[in-house]
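Each remark here refers to the structure printed beneath this line.
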Protein chains: 2
Amino acid sequence: MNIASHLTANADVMNGPTWHLPDTSGSAALERTLKTHRRGHRAGSMIELEGGKSNVTYCVLSGWLSLSKSMPDGQRQIIDFALPGDILNPTSADNASSTLQIEAVTYTTVSAIPRNIWGSLTDGLPQLSLLENRIIAGTFSRFSERMLRLGKGSAEARIAYALIELYIRLSAIGQVHGDSFHLPLTQQTLGEFVGLSSVHVCRMVRRLSRLGVISMEGHMAITILDMGTLANIAGIDPGRLENSIIPRL
Amino acid sequence: MNIASHLTANADVMNGPTWHLPDTSGSAALERTLKTHRRGHRAGSMIELEGGKSNVTYCVLSGWLSLSKSMPDGQRQIIDFALPGDILNPTSADNASSTLQIEAVTYTTVSAIPRNIWGSLTDGLPQLSLLENRIIAGTFSRFSERMLRLGKGSAEARIAYALIELYIRLSAIGQVHGDSFHLPLTQQTLGEFVGLSSVHVCRMVRRLSRLGVISMEGHMAITILDMGTLANIAGIDPGRLENSIIPRL
DNA sequence: TAACCAGATTGACCCGTGTCAATCGAAAGC
DNA sequence: GCTTTCGATTGACACGGGTCAATCTGGTTA
């Protein structure tokens with residue numbers, strides 16, 4: 001079965017970043033800088049607090065990060081996941097304080113690069129600022145699709161879409177094998193991502209399993225059995241299923 | 001939101017809109033380009049269809065635009081409003097097709113500038129790319145806050161937040177007088193923005209009115225009577241309220 | 001091995017929001 | 001002036017998803 005034909009629905013979501021630059025010449029400085037500022041974070045550890053001001057650019061080397069916001073009563077909404085290859089904060093205005101809480105979902109290695117060093121890197125590496133732009137465009141596209149589901153999608157559609165979105169992003173960085181991928185999230189966390197209670201996440205996941213659309217081994221290994229149906233449930237317009245390739249830089 | 005700090009779009013249609021960049025030297029070319037590509041759109045007219053590929057950058061000179069996405073069944077979610085001074089599509093990847101439907105909410109004047117011309121403008125005007133970055137950062141921040149309300153906010157909180165967000169944005173471009181502003185939206189449209197049915201929008205607006213938090217004259221002139229309570233309902237952290245609302249730049 | 005614990009699962013019940021439909025009000029057109 | 005029309009308003013009712021609470025499961029620690 002040709003999964004790729006179904007992925008075309010949301011090509012923009014697939015602007016998944018990788019660290020493969022189109023032209024590697026001159027990227028030695030980048031490699032060196034990434035290595036110098038590299039550090040690891042245990043799963044669950046807080047990397048940046050909401051409200052704190054940050055003047056570094058994060059490059060995710062491995063693992064998952066969650067970017068979240070909370071209501072005053074403590075209810076948390078995950079705004080986005082950052083996956084390997086992602087760049088965070090590339091364009092925040094100089095005076096802007098980060099209002100996002102950044103947390104390691106899994107063990108994560110990131111390079112936290114001071115803004116000015118990052119700036120000089122991008123100045124010297126046009127491919128890098130191109131990559132930045134692609135990541136920004138991909139982020140906006142992802143946010144838009146997600147807002148659509150948050151505003152107008154049923155619980156089932158939200159779950160289905162989240163699975164597809166993550167499938168596509170992971171696929172772009174080579175972390176999908178066959179039609180299976182590792183989803184390092186509790187149902188609680190997945191719920192915070194799609195705006196549902198963990199209980200209802202459970203109900204929806206079980207329903208999708210019963211329908212034979214997905215299957216789960218353990219509680220973190222997902223296999224997509226019927227991408228066509230899943231996409232349909234997710235509210236992905238079949239008319240937009242066109243041939244396009246995952247943009248790999 | 002933070003757009004106005006470095007740019008003011010004066011929506012005087014007769015004299016032509018003027019954009020004030022922090023350093024006006026060299027902006028003559030910008031002025032000329034804006035004027036050359038200027039065009040008007042009647043309220044309700046479609047500017048760009050979802051799925052169409054666009055290779056222009058839009059500068060909003062006057063009026064409101066809505067950027068929206070739809071589910072296959074036609075349910076529409078407004079992703080964002082674009083107000084005077086906004087720049088659309090500044091960084092979309094070259095191959096990226098616009099997946100947003102862009103529509104004029106009111107009579108609108110925009111400059112639709114071909115991507116390559118826009119590129120040469122920003123190359124020559126560092127202030128302009130700085131402005132771009134600020135707009136991107138502001139959009140990102142706005143989307144995050146909105147996703148939080150869509151995922152975790154009650155209907156009342158969503159309405160309250162939407163009013164405050166628009167109040168702040170309009171305030172930044174000088175379109176708030178006292179505590180009143182013109183809201184050129186039907187309840188249906190407001191509902192498509194906050195993810196509620198028009199009927200429930202009505203209920204919430206009426207409730208806020210009864211509470212004495214806002215008042216409406218006609219159905220488009222909003223006055224915020226009690227910003228503290230409104231912000232509280234919106235789930236805005238009181239400590240952060242001063243940062244985002246008070247500052248008139 | 002047994003106790004333990006976090007997360008998944010399931011059922012019962014409640015409530016917020018959507019839907020439907022009727023009515024009202026005001027602006028626009030004839 | 002009268003009619004038309006679109007949007008606001010309100011009530012009645014249905015239902016999706018939240019909440020609470022009771023297991024169940026698998027992995028971890030003593």
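Naming convention: chains lettered A, B, ... in sequence-line order (proteins, then strands); numbering from 1 in each chain.
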Could you state the atom-to-atom distance from [atom1] of [X] to [atom2] of [N] in whole Å?
X	N	atom1	atom2	result
B:Met220	D:dG7	CE	P	9 Å
A:Arg206	C:dG7	CZ	P	18 Å
B:Lys152	D:dT19	NZ	C1'	13 Å
A:Leu150	D:dG16	CG	C1'	16 Å
A:Asp73	D:dT19	CG	C1'	14 Å
A:Glu217	D:dG27	CD	P	13 Å
A:Gln188	C:dA8	CD	P	9 Å
B:Leu190	D:dG7	CG	P	14 Å

- Report the relative orientation of the aromatic rings in B:Phe143 and A:Phe143; use parallel for angles under 30°, tilted for 30 to 60°, perpendicular for over 60°. tilted
- Relative to each other, are the rings of A:Phe181 and A:Tyr167 parallel, tilted or perpendicular (30° and 60° limits)? perpendicular
- Going through the distances and angles, do B:Thr109 and B:Arg39 end up as a side-chain contact (heavy atoms from CB on, under 4.5 Å)? CA-CA 6 Å; B:Thr109 50; B:Arg39 58 195 204 206; over 6 Å; no
- Determine, stepwise, if the pair A:Glu192 / A:Ser70 fulfils side-chain contact (heavy atoms from CB on, under 4.5 Å). CA-CA 10 Å; A:Glu192 290 171 344; A:Ser70 299; over 6 Å; no
- Message: Each nucleotide in nucleotides 13-26 of chain C should get exactly one letter: B, S or -. Can you fill that in based on protein heavy atoms under 4.0 Å?
- Response: ----BBBB------
- Message: Using only atom types and a distance under 3.5 Å, with no angle test, would you say the side chain of A:Ser144 pairs donor to acceptor with the backbone of A:Phe140?
- Response: yes
- Message: Set out, in order, the CA-CA distance, both residues' side-chain angles and the distance that settles side-chain contact (heavy atoms from CB on, under 4.5 Å) for A:Leu225 and A:Ile214, then state yes or no.
- Response: CA-CA 5 Å; A:Leu225 300 174; A:Ile214 65 173; 5.6 Å; no
- OP1, OP2 of D:dT9 versus side-chain N and O of B:Gln187: anything below 4.0 Å? yes
- Taking five pairs at each terminus, the helix from C:dT1-D:dA30 to C:dC30-D:dG1 shows an axis bend, to 10°, of 40°
- Task: Please say which of A:Arg42, A:Lys69, A:Arg76 ends up in a salt bridge (Lys or Arg N to Asp or Glu O under 4.0 Å) with A:Glu103.
- Result: A:Arg76
- B:Leu65 to B:Thr108 - nearest heavy-atom pair and separation: CD2-CG2, 3.6 Å
- Note on the structure: Result for side chain to side chain contact (heavy atoms under 4.5 Å, CB included) between A:Met204 and one of A:Val194, A:Leu190, A:Ile159 points to A:Ile159
- Among the nucleotides C:dT10, D:dA8, D:dT10, whichever has the atom closest to the side chain of B:Thr186 is D:dA8
